[in-house]
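The figures that follow rest on heavy atoms only: side chains count, while hydrogens, waters and symmetry mates do not. Proteins get letters first, then strands, A, B, ... in listed order; numbering begins at 1 in each.
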Protein chains: 2
Amino acid sequence: MSEASVTAVEGNPPQVKRGEGVAYVYEILRNEIIELKLAPGSPIDETDLSQRFSMSRTPIREALVRLAAEGLISTLTNRTTIVSNIDFLQLGSFFDALTLMYRVTARLAAGNHSEADVAAIRAHQANFSRAVDERDVLAMIATNRDFHIAVAVAGRNKYYTDLFRRLLDEGRRILRLYYHSYDDNLPRQYVVEHEDMIAALIARDVEESDRLAVAHADQIVRQIRSYISADSRSASSLTL
Amino acid sequence: MSEASVTAVEGNPPQVKRGEGVAYVYEILRNEIIELKLAPGSPIDETDLSQRFSMSRTPIREALVRLAAEGLISTLTNRTTIVSNIDFLQLGSFFDALTLMYRVTARLAAGNHSEADVAAIRAHQANFSRAVDERDVLAMIATNRDFHIAVAVAGRNKYYTDLFRRLLDEGRRILRLYYHSYDDNLPRQYVVEHEDMIAALIARDVEESDRLAVAHADQIVRQIRSYISADSRSASSLTL
DNA sequence: AGTAGACTTCATGTCGACAAACAAAATGCA
DNA sequence: TGCATTTTGTTTGTCGACATGAAGTCTACT
């Protein structure tokens, strides 16, 4: 019923102290959900978690409430709570919002960024580039997300940054689902596109930043779409 | 220290049953925060609330966690939690995001709405119009928000609807702060603008819906800005 | 008198336990 | 044998209590 690797007691119960317990559990569970270590739809048992983290159920519960508020888990009243499913029917909405956030954050960043922002963005881009060099797909997904968050932060609009972060994390879940078919050419192209975006941003060229953001978003949407259709094609070939 | 009207025990402890307690407390507190019955910056005492709602502190706490996740309250670890302040420095970001959401939800609604959506939107518009007729400012603020949420729902993008809802509620808080100087002409104009928006939506005219949304947003932003500057002007006249 | 340090007070964070609600197994009846 | 009902079991929702950390108070010392 419960997978040993996930449910097992933490090797080093890292002695979190008063007031940090909830944040600790929240961070770990959040990562496990986004990285699909906890499969969508799988049930979450509070008692299990409380044993795993060597804590009472109370802080566990609060962490779960936070995750539920973010939409990462769904709680059925008086019944079990499960990891939220990836809603493929809403994929159109997702792409739409994602593209819009790419655009507005790029535009704002071009207008509002500071020196420090550029340094942060470049650091993340370096990490992303390294991940591509090392063909570390999981690291690519994570560092790519961090790069775009840094751009959003440079845009100085917390409402956009917030939504963008959620969208990008949801994107991480979807990409994890399909990363096995990752194309070797695309990552290189993403590195180049990121560099172009940085250049336009430094030049404070809002319109060019916007154009590049649209192109980048289209590229990513196309990539995910192709993964999904490839996936469904192989499935349908099985049934014939 | 604690205001009697807010801290007092609920007259009718409405016997909420298992599993509904948290949602009940959450809804009530949320409304009180948005309607400024709980002033920004004022401390929130868990023990007080637990007495007021005749519940243990546990469900109260979960409701507070949800509110904190939404940004409506800020919790200082090991110390008190307070109602979030209205951040006037971020007002520019707020207006920017608000305008964008007006636009995209109007566009999407024009493209995706169904008959039922139109009916719902019209109902909310009727409520808004009635509130204007009755010069009930508080009702106007609330029904106006509901009208735009209905439009967003018709747009069928939960990401936008979610962000929009939060922005509109934050707007309700700001308007409450300034509603004493509410202009008598503007509400009428809003009714007309809403009617125009509905017409464009039914005609599925995306571009016209967009134009109207921009105009509507500009109008509201201008209104809030004038309230604030009027307020600061009277304040500065005091200091001179 | 002013300041540093100990003490008191009190709200929060955490805990273990109990009770309700749901799901599934077991039982009884046609 | 098949279906309805009861019983059992498990997990969640709620409770009351304890421990911890922080703010304010009081005292003592320079």
What N/O pairs connect the protein and nucleotides 17-22 of chain C at under 3.5 Å? Give each pair on its own line.
| from | atom 1 | to | atom 2 | distance (Å) |
| --- | --- | --- | --- | --- |
| dA20(C) | N3 | Arg18(B) | NH2 | 3.2 |

Take atom [atom1] of [X] and atom [atom2] of [N], then tell me their distance rounded to the nearest Å.
{"X": "Leu49(B)", "N": "dT12(C)", "atom1": "CG", "atom2": "C1'", "answer": "13 Å"}
{"X": "Leu76(A)", "N": "dA23(C)", "atom1": "CG", "atom2": "C1'", "answer": "13 Å"}
{"X": "Glu20(A)", "N": "dG21(D)", "atom1": "CD", "atom2": "P", "answer": "10 Å"}
{"X": "Met55(A)", "N": "dA19(D)", "atom1": "CE", "atom2": "P", "answer": "18 Å"}
{"X": "Glu62(B)", "N": "dC15(D)", "atom1": "CD", "atom2": "P", "answer": "11 Å"}
{"X": "Asp45(A)", "N": "dA23(C)", "atom1": "CG", "atom2": "P", "answer": "16 Å"}
{"X": "Leu64(A)", "N": "dT11(D)", "atom1": "CG", "atom2": "P", "answer": "15 Å"}
{"X": "Ile82(A)", "N": "dT12(D)", "atom1": "CD1", "atom2": "C1'", "answer": "15 Å"}

Asn127(A) and Asp146(A): CA distance, side-chain angles, deciding distance, side chain to side chain contact (heavy atoms under 4.5 Å, CB included) verdict: CA-CA 9 Å; Asn127(A) 289 338; Asp146(A) 292 339; over 6 Å; no
Neighbour count above 12 (heavy atom, 6.0 Å) for Arg122(B) CZ: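 Counting neighbours around CZ of Arg122(B), 12 or fewer heavy atoms of other residues, nucleotides or ligands fall under 6.0 Å, so no.
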side-chain hydrogen bond (donor to acceptor under 3.5 Å, both in side chains) partners for Tyr102(B), two or more places apart: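 side-chain hydrogen bond (donor to acceptor under 3.5 Å, both in side chains) check on Tyr102(B) returns nothing, list empty.
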Listed partners of Arg66(B) passing side-chain hydrogen bond (donor to acceptor under 3.5 Å, both in side chains), at least two apart: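 With neighbours one apart ignored, the set is empty.
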Pairs involving residues 67-87 of chain A, ordered by first then second residue, that meet salt bridge (Lys or Arg N to Asp or Glu O under 4.0 Å) (sequence neighbours left out):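 Every salt bridge (Lys or Arg N to Asp or Glu O under 4.0 Å) pair that includes a residue of residues 67-87 of chain A, provided the two are not neighbours, is Arg30(A)-Glu70(A), Glu70(A)-Arg165(A).
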Sugar-phosphate only, base, or nothing, as touched by Ile44(A) at under 4.0 Å among non-hydrogen atoms: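 Sugar-phosphate, no base atom in range.
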Watson-Crick or G-U pairs under 3.5 Å in DNA chain D, rendered as dot-bracket with [ ] for crossing pairs and | for another strand: ||||||||||||||||||||||||||||||
Proximal nucleotide (of dT14(D), dT14(C), dT12(C)) relative to the Thr47(B) side chain: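 Per side-chain heavy atoms of Thr47(B), the pick is dT12(C).
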Selection from dT12(C), dG16(D), dC15(C) that lies nearest to any side-chain heavy atom of Ser56(A):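 Ranking dT12(C), dG16(D), dC15(C) by closest atom to the Ser56(A) side chain puts dC15(C) first.
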Glu32(A)/Arg52(A) ion pair, N-O < 4.0 Å: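 So Glu32(A) pairs with Arg52(A) through a salt bridge.
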Ring centres under 6.0 angstrom apart (His194(B), His148(B)):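 When the ring centroids of His194(B) and His148(B) are compared, they turn out to be within the sub-6.0 Å range.
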Leu175(A) vs Ile224(A), side chain to side chain contact (heavy atoms under 4.5 Å, CB included): CA-CA, chis, key distance, verdict: CA-CA 7 Å; Leu175(A) 281 175; Ile224(A) 297 179; 4.0 Å; yes
Results of side-chain contact (heavy atoms from CB on, under 4.5 Å) for Val153(A) - residues two or more places apart only: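 Val153(A) satisfies side-chain contact (heavy atoms from CB on, under 4.5 Å) with Ile149(A), Thr161(A) only.
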